[in-house]
Each structure stands twice: as structure tokens, then as C-alpha cells.
2 protein chains.
Amino acid sequence: MKSVKSISRTDEAYARLKDDIRANCLAPGHLEPEPELAARLGMSRTPVHEALIRLEAEGLVEIVPRRGARVLPISADDMREIYEILTALEPEAAACLAARQPSEKEIDPLDQATQDMTDALDKGDLDRWVEADDRFHQTLLRLHGNKRLAAFVGALFDQSHRARMVTLRLREPPIISTAEHRIILEFLRRGDAEGTREAFRKHRQRTSVELISILEDYRLPHL
Amino acid sequence: MKSVKSISRTDEAYARLKDDIRANCLAPGHLEPEPELAARLGMSRTPVHEALIRLEAEGLVEIVPRRGARVLPISADDMREIYEILTALEPEAAACLAARQPSEKEIDPLDQATQDMTDALDKGDLDRWVEADDRFHQTLLRLHGNKRLAAFVGALFDQSHRARMVTLRLREPPIISTAEHRIILEFLRRGDAEGTREAFRKHRQRTSVELISILEDYRLPHL
DNA sequence: AAATATTTTAACGTATACATAGATGTATTT
DNA sequence: AAATACATCTATGTATACGTTAAAATATTT
């Protein structure tokens, strides 16, 4: 049975704009007046404006009075901010999850995600790799159960998505990252909270350094 | 010179509603239709609706289709979520700040805040105590410099404000808390990152346990 | 020609209008 | 009297209208 819950125009505008931003269809820095956006989306200004307020709250756009909405660019400093937070939050959540010894059934989607990462890596499909990577992290937080934490980390993932996609293509395939996920999963299975925390922290610190140095080495100030 | 930057109606509605929620003038769970809110605030529905979208994004209200806006109640579980995040983030940020050896001039507002806490405690002025406590935490994060982190922690403070105010009045005066801030400040001054982190973590863990057990002992499921 | 003043344009903020759909209240039936 | 069906009411979602004001374009002056 299909869930036809008559999506509102505001939700539609929100979803489409967010997708366009993530997919880099709307370039970072791009400024577009509301009437244009409304025309492009085939609706009036009202739902577009409401969607923009939500996107602004999530840190994806900036509403510039009398100019329109700007797609917020991401700088190396932004990535430092984002990864500092992820490094503090995710290992803690993972350790907490490990401590309560999740069942194999709960762990299964994480297992699936790591397999998909390996698979995508073999086939050189980086888009699918990132999708599986995201899925791993989001699933882990969902299992942990702290909704506020999951939502916030999700917003940070959205903000950094474009930059991650670009840098991923400027470096060697993410073999180490994939392996680290498998290690984290193994500690989780064993219910080893400390091991999980440290493995996750190491993973985040490494990816953080790697990502930011690419941004700086390639002189990519804004993505 | 007065900064008369002609505040927008949306901003006005946002600020007034947020203040009313923080001050418990709008009871938790309270549901009010937009037209009523608009009439009360002396403006049309549009800016009220836009303010509500922002407040919803910040986790203070929930927009219920065809019913109006509900002031979100805070449960013991919500407080667990919030304090888990604060415990992970704040000690990390404080340690990082300590590591870069802030100047005495930078530290001064923190010093001021702890003095104000001591002062308020002596005079039994709990409102002022909470204000100074909030100021300490927000100032520390501002000094640390991670804007996303500061904004998110600020939102969590707003969400938990009512519950903190109530529980504060159901227990002994916050002598230990006040002292702990002084200790954290001392480690900061010395540039002792590890000491700062541990002192802060201990502070958060203690306040967390204290607060949540009051909520549960007094059977206060929602505030 | 460059700089300034003026006019024109247009985007936003806000109010209002209206259709829809859910909630409330009333009447009817059993 | 309780339950159900019907009618009314009302809040929302969305479109549209309009005044204000910033930006852009044009004209004017130096």
C-alpha cells in the first residue's frame, strides 16, 4: 500500500532544494531570488520562503534580504568545525551503543553498510560508497537512540556532503576508511565500549586530517 | 547611539514567543492556533507562522497540522539526550580552549560569570544564578570559536531551560556547581587541557545525574 | 570620462483572500 | 441515553496583492 500522505508544497520545495544543493546542481555561493525559485518549482513564493527558512536553520542556505537565497559555501574552517563536533559526538555514541551489547539483528544493517562499502570500493563506485558510509553512520546513531544527536549529526553530514564528494575524488580510494568501519563494527559486536570509542575516534581524526589537508593543498577555499 | 535596525515582525514574533516559552508563560504542552497567536502579538499570521517554523527547527515547539503550535514538553528522557550531548561536547571544547592558553583578557568574562554566580548564590537569587551559569557556558564556547557547536549547545540550553529552573528550586542551593566552575576556570588559566576536560566532564556528569534524579524522584514526567 | 544625483525596477516583508479538510457541535436514530 | 450521521465551523496551506526599500539603471554634472 502506497503512503499517499499528500505532501505539502513547502515540504516539496524543501526536499527538492536540499537535493539540488547536495547534488551540487545549485553551486555554492549561488544566489537566487525567491520569485525565480518559485517559478522554477512551479509554486508561489510562500512555500518556497518557508522551505528556505528551514534550510537556513539547517545551515545549508543564507537568506540575504532583498537579494534572495544563497547556497552556503563550505570552507576548510567550516570542515574543521564540523569534524571537531563529529569527533566528539560519534565515538561517544558508538561506545554507549557497544556498552549495551546490541543484538546481531540490530547490528545487521551496519554489517550490510560495510559490505556495501567494500562492494562499491571494488567497483570504483564512489557515489555508492558515500551512500553506504552515510548509512553506516546514521544507522549507528539511530541504534544509539539519541534523536537530537542523530538529527544534528545528520545536518552536519548534509552541510559537508558536497565537500566530501569533491575531496573523495581527489585522493586514493578509501580503502583505509572501509577497513576502519569493519574494525569499529567488530568492537561493537564484542560489546567493547572502550575499543569502539577509540577505533571510532581514530577513524574520525584520520578522515578529518585527510579531508582538510586536501582542501588546503588543492587551494579549495570554498566548495 | 541606538541601533534602530528596524526589527522585522518575524523576528519580533520569534523573540517574544521564545521568551514566553523560556519564562514558562506558555505552559509546556500548550496548544494555540496561529490566528490567536497572531492576534495576541498584534500582527498577521504570516510572520507568526515563519517564527514558528524557526522555533520548531530549534526544538521548542511542534506545529500540529490544523491545530496550531504546541509548546514541546521536556521529559526525563529528553534531559538524558540533552545532557549526553553536552557531556560529550563541552569538555572537549573547554580542553581545546585551554590548550591554546587564552589570555587573561579573554578569560575575564568567565571570571566575571563565576563571581556573579557566587554573588547570586549568597543572595539566594536563583534566576541570576542561572543567568550567570548560562553566560559562563556560552562565553566559553564563544571563546573556543566553533560557531556551529556554540549554536547547537545554545539550542539545547533553550530546550532544557524550563526544566533546569524548576529542578533548581527543588534542591539544595547549587554550591557544588558554583565551585566546579571555579575549578574549571583555574585549569583553563593554567592551560591544562586534560585537567579542564576532566573537571568539566565531572561537572556535567554530576549535574546530569542530579537533575534527572530530581525529575524522576518528584515524578515530573513533563516540564 | 568619472562621479554623482535621480529615476526606475524589483524583491522582500507583510497582509489578506480563499479553498480544503479536519474538528466540533447538533440532530437523528436505535 | 448512547451512538451515529450530518452540518457547521475554523485553522491551515497556499496564492495573491501591495507598500517599502534596496539595488540597478539612467541621466546629469563636473
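Throughout, protein chains are lettered first and strands after them, A, B, ... in sequence-line order, and every chain is numbered starting at 1.
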For the pair made of [atom1] in [X] and [atom2] in [N], what is the distance, rounded to whole Å?
X	N	atom1	atom2	result
A:Ile63	C:dA11	CD1	C1'	13 Å
A:Leu52	C:dA11	CG	P	14 Å
A:Tyr14	D:dG13	OH	P	17 Å
B:Glu50	C:dT14	CD	C1'	9 Å
B:Arg66	D:dA11	CZ	P	12 Å
B:His49	C:dA17	NE2	C1'	16 Å
B:Ile7	C:dG13	CD1	P	13 Å
B:Leu31	D:dT10	CG	C1'	14 Å

N/O donor-acceptor pair under 3.5 Å between [X] side chain and [Y] backbone:
X	Y	value
A:Asp78	A:Ser75	yes
B:Glu81	A:Lys147	yes
A:Glu92	B:Ala88	no
A:Gln159	A:Glu58	yes

For A:Pro47 and for B:Glu36, find the nucleotide of DNA chain D with the closest heavy atom, then tell me which residue's nucleotide is more 5'.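 Result of the comparison: B:Glu36.
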Nearest-nucleotide 5' precedence on DNA chain D, B:Arg67 against A:Thr46: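 Final value for this comparison: B:Arg67.
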Within the structure shown, what part of the strands sits under 4.0 Å from B:Arg9 by heavy-atom distance: base, sugar-phosphate, or nothing?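 B:Arg9: backbone/sugar contact only, no base atoms under 4.0 Å.
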Sugar-phosphate, base or nothing in reach of A:Arg45, heavy atoms under 4.0 Å: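 Base contact - A:Arg45 has a heavy atom under 4.0 Å of at least one base atom.
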Could you name each residue pair satisfying salt bridge (charged side-chain N to carboxylate O under 4.0 Å, His left out) that touches residues 21-42 of chain A, not counting sequence neighbours?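 Of all non-adjacent pairs touching residues 21-42 of chain A, those that pass salt bridge (charged side-chain N to carboxylate O under 4.0 Å, His left out) are A:Arg22-A:Asp158, A:Glu32-A:Arg40, A:Glu34-A:Arg45.
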Ignoring the backbone of A:Ser44, work out which of D:dT12, C:dT14, D:dT16 is nearest its side chain.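 That would be D:dT16.
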Go through it in stages, so that I can follow the logic: the residues are A:Asp116 and A:Gln112, the test is side chain to side chain donor-acceptor pair (under 3.5 Å), and I'd like the CA-CA distance, side-chain angles, deciding distance and then a yes or no. CA-CA 6 Å; A:Asp116 290 349; A:Gln112 189 61 53; 3.2 Å; yes
Once the angle between the rings of A:His181 and A:Trp129 is folded into 0 to 90°, is it parallel (under 30°), tilted (30 to 60°) or perpendicular (over 60°)?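 Ring orientation of A:His181 relative to A:Trp129: perpendicular.
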Specify the angle, to 10°, made by the local axes at the two ends of the helix from C:dA1-D:dT30 to C:dT30-D:dA1 when five pairs are taken at each end.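 Angle reported: 0°, given to the nearest ten degrees.
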